[in-house]
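Heads up: the structure comes next, in structure tokens.
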Amino acid sequence: MDRYRGNSQAIADLVKGHAVHRDVYVDREIFDLEMEQLFPNSWIYIGHESQLKNTGDFITSKIGNQPVLASRHRDGQVYVLHNRCPHKGVKIASEPCGNTGKFFRCPYHAWSFKTDGSLLAIPLKKGYEGTGFDADQAAKGMTRIENVKIYRGLIFVRLAKEGLSFEEFFGESLSTIDNMAERSPEGELEVISQPIRYMHTCNWKMLVENQTDTCHPMVAHESSAGTAVSVWEREKDNFTETPMAVQLYAPFMSPYEFYEGAGIRVWPNGHGHTGVSGSIHQDYEDVDGYQDLMIEAYGKERAHEILGDIRHNTIYFPNIMVKGPVGILRNFIPLGVDKTLVESWVFKLKGAPDKLYERGLMYNRFINAPTSIVGHDDLEMYERAQEGLHSNGNEWVNLRRLWEDDEPEETTEVVNGTSERQMRNQFYAWRKFMVQNMDQAVEAAE
Amino acid sequence: MNRDDLIDFVYDEAATIDQMRWDDWLALFHKDGRYWMPLEWQQEDPILQPSLMYEDRLLLTVRVERLAGERTFSQKPKSRCHHLMERPRILSMGEDGGVHRLRTSFIYTETRGDLLERYSGWVSHELVEVDGALQIKLKRIDLINFDAPFSNIQLFI
Ligand code: FES
Ligand SMILES: [Fe+2]
């Protein structure tokens, strides 16, 4: 029996603001509806334009559970296509990235498609003559996704035909992506390597929530960052300077007061960030020559503004997080109600010293890798939660920290940095995009 | 050093890990030694190409001390591990700058609670002699599926 399908009230009731029902993390029907509703209704990140430098270059990705690919056509445009042969559904591209040449060729019966998706040729075409094939959707080739936006090189897609425009959906939250790109003296980001991939046996939303959970580092990461600090205290007399590694680990042990003061900013549609007026990224050593390059590119005042904006984690609802100061983007890819693949990418800042890229890569392997001791701490918590939530002793997850009675849901606001406000903000958006068009869809089907 | 000394060193090093004699293991590293797990096929650069691990003695010490911590929740229960190794191949014996190079094929197993994960690949050792004893200048682990998404790897291959 469907409990939630076509029942937008039942879905809305799962989100009380100061609490959410555990079904959002453990219920398979809810997960299926996320794939059918939430992901298609939202703008989803699928990759970066620099991964598609040459004609014929392609990348593959997923929107929810739907395979897509993006390719660079000979007209210079990027096209996003459903990664599925119009004949019998075979995935056309199977690798994360590559170059297909002038056309895609399906490996099953050799139908071929131009890199904008249109049908190029079918072997033994005369078998379709006079059969009515021309009126089939298949005759158009691979289905193209119309709603594509490339913003500072980041490629976002909305599968649903109707919905919020890219600008409406993200609004002012785009300022974090702006800041990350502007940290390049040329204003451009580049992907030049593969991401670190890390498999999590937990619901994807636990990972997203954790990005703005400022009350966990000093507790859950005492084992990793705390040990790093204590080993360093003991050993530091043997060193002439503080290694980059220590600069990256140590701020994780910052006290509650630090995070309280640093603040959290929420935006409409579930976006938000930690580290408004300070962050764990603020005290990294200057990189030789970088400041000068920035001042040359932007002028003194603007350069200081850009480098002074040290936002911690920015959530782009529903499932990516951007860390401007170290140029990292984490993609939380849902594979099942209790299975999430995390891909963490490091951007290279065009025209900036290599040392910055080195730091981004180091941060990524320290924090986001399956071999990361910080990652081990976090994954342990997610997995325990995924199991613990099956208890019937309490069906609700508590999100009441710094909650106020008439909390506005669609607003821009800066709040105390230990608030669970951004987690609530995500769930307001979750509710909105889960039920958007749902009742109409059911009526249409009836 | 003769050939057997080098080969024994590689086996004995793995034994310190399997037996969790962490202080003995760390002591096998040269003061500038590194432990490296690349993330790319035939990777050449540990700094400007992404790696799973590239750690000096300070960072390895942090890992080892973390394993023993009272509040290391991901180690409740504690992981165990096992190295199954082919006979190490000696690639060079001190010809370039006194560095001995060996390459060894392995299957590594690590537990996490009731789970058991298995990894395969090659470990490369660059060893130098200091005061008559061998030390690790570089230990490099190339997994056959370095690009796959793993769950936790908490001990040391
Ligand atoms: S399935 Fe693609 S050509 Fe038949
Ligand atoms: Fe964490």
Side-chain angles (χ1 to χ4, degrees), chain A residues 96 192-201 219-232 234-236 238-239 243 245-246 249 333 335 340-346 348 354-355 357-358 360-362 364-366 368-381 383-384, chain B residues 26 31-32 34-41 43-77 79 108 110 112-115 117 119 141 143 145-157:
Chain A
I192 59 165
S193 59
Q194 293 304 307
I196 289 183
R197 308 172 80 209
Y198 192 177
M199 193 62 86
H200 285 60
T201 43
V219 183
H221 299 308
E222 184 185 333
S223 90
S224 49
T227 305
V229 170
S230 66
V231 169
W232 172 244
R234 197 181 64 218
E235 303 280 334
K236 68 181 173 193
N238 304 323
F239 288 77
V246 175
Y249 273 129
I333 303 169
L335 301 183
T340 306
L341 167 62
V342 187
E343 292 190 341
S344 301
W345 299 81
V346 182
K348 191 173 183 342
D354 282 346
K355 201 85 189 160
Y357 189 54
E358 176 185 343
L361 291 172
M362 184 185 273
N364 209 28
R365 67 174 184 265
F366 280 1
N368 302 329
T371 41
S372 147
I373 52 180
V374 170
H376 299 157
D377 296 336
D378 283 325
L379 177 57
E380 180 71 20
M381 298 307 124
E383 291 187 347
R384 290 192 192 196
Chain B
L26 287 174
K31 66 176 176 29
D32 301 319
R34 293 284 189 282
Y35 180 101
W36 183 20
M37 280 177 81
L39 193 67
E40 293 184 12
W41 180 242
Q43 185 170 334
E44 282 171 10
D45 185 349
I47 306 287
L48 293 176
Q49 286 179 285
S51 298
L52 287 164
M53 278 175 74
Y54 184 64
E55 309 218 332
D56 57 13
R57 279 184 63 152
L58 184 75
L59 291 171
L60 293 175
T61 304
V62 171
R63 283 182 184 268
V64 161
E65 293 197 12
R66 173 183 178 275
L67 289 173
E70 193 37 51
R71 290 182 175 165
T72 302
F73 302 107
S74 70
Q75 282 295 303
K76 294 174 188 285
S79 296
Y108 171 80
E110 184 175 308
R112 181 162 175 246
D114 294 342
L115 302 176
E117 300 280 356
Y119 305 88
I141 291 106
L143 296 175
N145 59 342
F146 53 86
D147 49 0
F150 308 119
S151 186
N152 287 355
I153 303 175
Q154 297 194 70
L155 302 181
F156 306 92
I157 296 178

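Chain letters run A, B, ... following the sequence lines, proteins first and then strands; every chain starts at 1. FYI, side chains are in, hydrogens and waters are out, and symmetry mates aren't considered; it's all heavy atoms of this structure.
Proximity to chain B (any heavy atom under 4.5 Å) is restricted, for A:Met381, to the side chain, taken from C-beta onward. For chain B, the nearby part of A:Ala245 is the side chain; its heavy atoms alone come within less than 4.5 Å. Residue contact with chain A, scored on non-hydrogen atoms closer than 4.5 Å, involves the backbone of B:Gln49 exclusively. Of the atoms belonging to A:Glu343, not a single heavy atom falls under 4.5 Å from chain B. At a 4.5 Å heavy-atom cutoff, the contact between B:Glu40 and chain A is made by side-chain atoms alone. Looking at B:Tyr54, both its backbone and its side chain come within 4.5 Å of chain A, counting heavy atoms on both sides. Within the 4.5 angstrom heavy-atom criterion, no atom of A:Val342 approaches chain B. Neither the backbone nor the side chain of A:Pro96 has a heavy atom closer than 4.5 Å to any heavy atom of chain B. Heavy-atom distances place no part of A:Asn364 under 4.5 Å from chain B, backbone and side chain included. Proximity to chain B (any heavy atom under 4.5 Å) is shown, for A:Ile196, by both the backbone and the side chain.
In terms of non-hydrogen atom pairs under 4.5 Å with chain A, the most contact-rich of B:Leu52, B:Leu59, B:Thr72 is B:Leu52. The candidate with the highest count of non-hydrogen atom pairs below 4.5 Å against chain A, out of B:Leu48, B:Leu39, B:Asp147, is B:Leu48. Residue with the most contacts toward chain B among A:Ser224, A:Ala369, A:Ser230: A:Ser224 (heavy-atom pairs, distance under 4.5 Å). Counting heavy-atom pairs under 4.5 Å between each of A:His376, A:Met199, A:Glu358, A:Glu380 and chain B puts A:His376 at the top. Across B:Asn152, B:Leu67, B:Ile153, B:Leu58, the residue that shares the most heavy-atom pairs under 4.5 angstrom with chain A is B:Asn152.
With rounding to the nearest 0.5 angstrom, the OG1 atom of A:Thr371 is 6.0 Å from the CZ atom of B:Arg63. Distance check: B:Glu70 CD to A:Ser223 OG gives 11.5 Å after rounding to the nearest 0.5 Å. The CZ atom of B:Arg112 lies 4.0 Å from the CD atom of A:Glu383; values are rounded to the nearest 0.5 Å. Interatomic distance, A:Leu361 CG to B:Ser51 OG, rounded to the nearest 0.5 Å: 8.0 Å.
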Candidate pair A:Leu379 and B:Ser151, rule side chain to side chain contact (heavy atoms under 4.5 Å, CB included), full reasoning
CA-CA 9 Å; A:Leu379 177 57; B:Ser151 186; 3.6 Å; yes
Residue pair B:Glu65, A:Arg234: steps toward the side chain to side chain contact (heavy atoms under 4.5 Å, CB included) verdict
CA-CA 13 Å; B:Glu65 293 197 12; A:Arg234 197 181 64 218; 2.7 Å; yes
Derivation and outcome, side chain to side chain contact (heavy atoms under 4.5 Å, CB included), residues B:Arg66 and A:Asp377:
CA-CA 11 Å; B:Arg66 173 183 178 275; A:Asp377 296 336; 2.8 Å; yes
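When all heavy atoms of A:Arg197 and B:Ala148 are compared, the pair lying nearest together is NH1-CA, 4.0 Å. Minimum interatomic distance between B:Phe150 and A:Tyr198 (heavy atoms only, all atoms of both residues): O-CD2, 3.3 Å.
Remark: B:Arg57 CZ is packed, more than 12 non-hydrogen atoms of other residues, nucleotides or ligands lying under 6.0 Å away.
At least one side-chain heavy atom of A:Phe366 sits less than 4.5 Å from a side-chain heavy atom of B:Glu55.
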